[in-house]
Amino acid sequence: MRITMRIFELIGLLIYLVLIAILVAQQIKVSSDFRNKKITEEKHQKLTKRNTILLIIVGILLILFLYTPFKILIF
């Protein structure tokens, strides 16, 4: 039973880390598109704000996942 819980914890942690990696990659792409003049400053600010909010939400959910006694996958 204990090994199964460790496996589920590891899977949950990997899911959150993949989500964070995707958000960081999106932000890098938005920044490079802005530098290459592919998007306007307004769109850059909007996308940066959205990515920051999503990153904060996923980070909070990751912290809750790590520090709660009941390991529930919250998406």
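Residue numbers run from 1 in the order of the sequence given. Worth knowing before you read on, the calculation uses all heavy atoms, side chains too, and leaves out hydrogens, waters and symmetry mates.
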Exercise for review: Under the side chain to side chain donor-acceptor pair (under 3.5 Å) rule, collect the residues that match up with Thr48, sequence neighbours excluded.
Suggested key: Gln27
Revision key, fill the gap. Residues at least two apart in sequence or cross-chain that pass side-chain contact (heavy atoms from CB on, under 4.5 Å) with Lys38, listed by chain then number, are Asp33, Asn36
Practice item. Please state whether the rings of Phe65 and Tyr16 are parallel, tilted or perpendicular, taking 30° and 60° as the class boundaries. Key: tilted
Point to revise | In one Ile/Leu/Val/Met/Phe/Trp/Tyr side-chain cluster, 4.5 Å: Leu13, Ile7 | key: yes
Study note, to complete from the structure: Joining Ile, Leu, Val, Met, Phe, Trp and Tyr whenever any side-chain heavy atoms lie under 4.5 Å apart, the cluster holding Leu14 also takes in Leu10
Practice item. Answer yes if Leu19 and Leu17 sit in the same cluster of Ile, Leu, Val, Met, Phe, Trp and Tyr residues linked by side chain heavy atoms under 4.5 Å apart, and no otherwise. Key: yes
Study note, to complete from the structure: Those residues at least two apart in sequence (or on a different chain) that pass side-chain contact (heavy atoms from CB on, under 4.5 Å) with Gln26 are Ile22, Leu23, Arg50, Asn51
Check your understanding: Can you name the side-chain contact (heavy atoms from CB on, under 4.5 Å) partners of Lys43, sequence neighbours left out?
Key -> Ile39, Thr40, Leu47
Practice item. For residues His44 and Phe34, report the shortest heavy-atom separation together with the two atoms involved. Key: CD2-CB, 3.4 Å
Practice item. State which residues pass side-chain contact (heavy atoms from CB on, under 4.5 Å) with Ile57; sequence neighbours excluded, sorted by chain then number. Key: Ile53, Leu61
